[in-house]
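To start, the structure under review is shown below, and the notes come after it.
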Number of protein chains: 2
Amino acid sequence: MPPKIRPASARSDPPATDTAAPAASPQTTTTSLTVALLAAREALLSRFRPLLAEHGLTAQQWRVIRLLHEHRILDASQLAERAFILPPSLTRILANLEARTLVTRLQPTSDRRRYLFCLTGEGEAIFRSVLPDSMKIYTELEDYFSRDQIALLLDLLHRLAKF
Amino acid sequence: MPPKIRPASARSDPPATDTAAPAASPQTTTTSLTVALLAAREALLSRFRPLLAEHGLTAQQWRVIRLLHEHRILDASQLAERAFILPPSLTRILANLEARTLVTRLQPTSDRRRYLFCLTGEGEAIFRSVLPDSMKIYTELEDYFSRDQIALLLDLLHRLAKF
DNA sequence: GTTATAAACTTAACACGTTAATTATATCCC
DNA sequence: GGGATATAATTAACGTGTTAAGTTTATAAC
């Protein structure tokens with residue numbers, strides 16, 4: 001996703017209507033809301049990425065693995081819906097995980113359009129090896145942001161998601 | 001970004017520990033926070049995208065155009081920082097906008113590593129033609145979510161972004 | 001039972017996200 | 001002032017996001 005951009009120290013050229021709070025016009029606010037959502041998400045993900053990268057995983061791959069651990073077996077539609085990943089991306093992600101033998105693809109005889117997926121032993125092993133560090137990050141978050149504030153934020157986000 | 005996934009109607013296969021609230025383990029909560037941020041952002045962007053698409057613009061291109069309108073002239077670093085776009089992406093976005101003659105690239109004589117960008121007349125025209133609909137979406141949002149709630153959400157997001 | 005329609009997944013094409021390496025220019029320090 | 005170091009932007013390589021179109025298999029209508 002987004003940056004972690006250089007200090008941007010002292011610039012010279014522009015008038016910099018910046019620290020002067022530009023009086024938030026509507027579209028400024030909307031845009032800053034989408035950007036604020038991005039920035040907040042990035043603050044979280046930037047802690048997870050290094051951890052996942054040690055295992056050659058992306059955040060999306062990790063979401064898929066986590067869901068498969070939790071539910072044992074899911075089809076592609078269910079994975080897409082729960083991981084919030086579009087079908088074309090999911091196709092690639094699953095092909096990748098399959099090629100690395102972290103997940104297995106099964107064919108339900110009842111409906112041959114669908115595919116079911118589950119973790120292999122290797123997949124479970126990766127899940128277990130990532131989990132502890134992942135929990136540690138969560139603890140740090142609760143340390144920074146209270147449990148109540150997280151709950152409040154989640155509530156607002158869920159309501160916004162229904163907009 | 002993410003989906004707008006099919007109803008997922010009645011599925012048969014998995015036990016579906018779903019409506020039963022799985023008792024939110026730590027990593028479940030963290031993951032759902034990153035996904036909730038994604039989902040909320042998507043709810044907003046899914047309203048903007050069709051509008052922007054009418055003008056052949058992506059959300060990122062729109063952020064750049066909006067910033068250039070607001071600040072007149074910015075260099076790539078400033079754009080990257082404010083639009084929350086990584087430099088490699090920005091390079092492509094600016095090359096694209098430049099090719100469509102929506103922005104102009106300038107070279108400051110004082111520092112020839114940098115480039116300054118500003119909107120062309122065409123770029124300003126697109127900005128003005130997108131703006132009204134963009135504001136309409138904002139009004140709808142304020143209608144759904146009170147101004148206070150938006151402010152509260154923005155505050156929480158900014159704090160989370162500093163995590 | 002055949003045809004039309006829908007559903008599940010895939011492919012294609014293009015834009016963006018992410019990390020690392022590269023290039024060109026500035027600046028620092030001796 | 002010349003060589004090390006830092007900074008601004010780009011390129012490269014790969015993964016994901018987004019939309020539209022394509023394939024295959026189910027289901028509905030007749």
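Each chain gets a letter, A, B and so on, in the order the sequences are listed, and its residues count up from 1. What you see below is based on every heavy atom in this structure, not just the backbone, and it leaves out hydrogens, waters and symmetry mates. A quick note: this is a predicted structure, and the numbers were derived from the prediction, not measured.
In terms of position on DNA chain C, the residue among Ala76(A) and Gln61(B) whose nearest nucleotide sits closer to the 5' end is Ala76(A). For the pair Pro88(A) and Pro50(A), nearest-nucleotide mapping onto DNA chain C gives the more 5' position to Pro88(A).
Evaluation of atom-type donor-acceptor distances gives no pair under 3.5 Å for the side chain of Arg113(B) against the base of dA26(C).
Taking atom CZ on Arg63(A) and atom P on dG15(D), their separation rounds to 17 Å, with Å as the unit. Between the CD atom of Gln60(A) and the P atom of dC14(D) there is a distance of 18 Å, rounded to whole Å. In this structure, Tyr115(B) places its OH atom 10 Å from P of dA24(C), rounding to the nearest Å. Distance CG (Leu52(B)) to C1' (dA15(C)): 14 Å, rounded to an integer number of Å. Between the CG atom of Leu74(B) and the P atom of dA8(D) there is a distance of 15 Å, given to the nearest Å. Between the P atom of dA15(C) and the CD1 atom of Ile85(B) lies a distance of 14 Å, rounded to the nearest Å. Straight-line distance from the CH2 atom of Trp62(B) to the C1' atom of dC16(C): 19 Å, rounded to whole Å. For the pair Arg105(B) CZ and dT10(D) P, the interatomic distance rounds to 5 Å; values are reported in whole Å.
What you find for Leu156(B) and Phe145(A) is that their closest heavy atoms are O-CZ, 3.4 Å.
For the pair Arg92(A) and dG15(D), the criterion of a side-chain N or O lying under 4.0 Å from OP1 or OP2 is not met. Contact check, Arg49(A) against dT19(C): a side-chain N or O comes under 4.0 Å of OP1 or OP2.
Under the 4.5 Å side-chain criterion, counting only non-hydrogen atoms from C-beta, Gln78(A) is not in contact with His71(A). When side chains are defined from C-beta on, Leu74(A) counts as touching Arg82(A), because their heavy atoms get closer than 4.5 Å.
Among the atoms of the strands shown, none is found under 4.0 Å from any heavy atom of Leu90(B). Contact annotation for Thr58(B): backbone-only contact, meaning every heavy-atom pair under 4.0 Å involves sugar-phosphate atoms and none involves a base.
Distance from the side chain of Leu86(B) is smallest for dT19(C) among the nucleotides dT19(D), dT19(C), dG15(D). Proximity note for Ser77(B) (side chain, C-beta onward) versus dA26(D), dA9(D), dT19(C): the nearest is dA9(D). Ranking dC16(C), dT25(C), dT16(D) by closeness to the Ser89(B) side chain, first place goes to dC16(C).
Here the straight-line distance linking atom OH of Tyr115(B) with atom CZ of Arg105(B) works out to 6.0 Å at 0.5 Å rounding.
Of the charged side-chain nitrogens involved, at least one lies within less than 4.0 Å of a carboxylate oxygen, so that Arg72(B) and Glu124(B) count as a salt-bridged pair.
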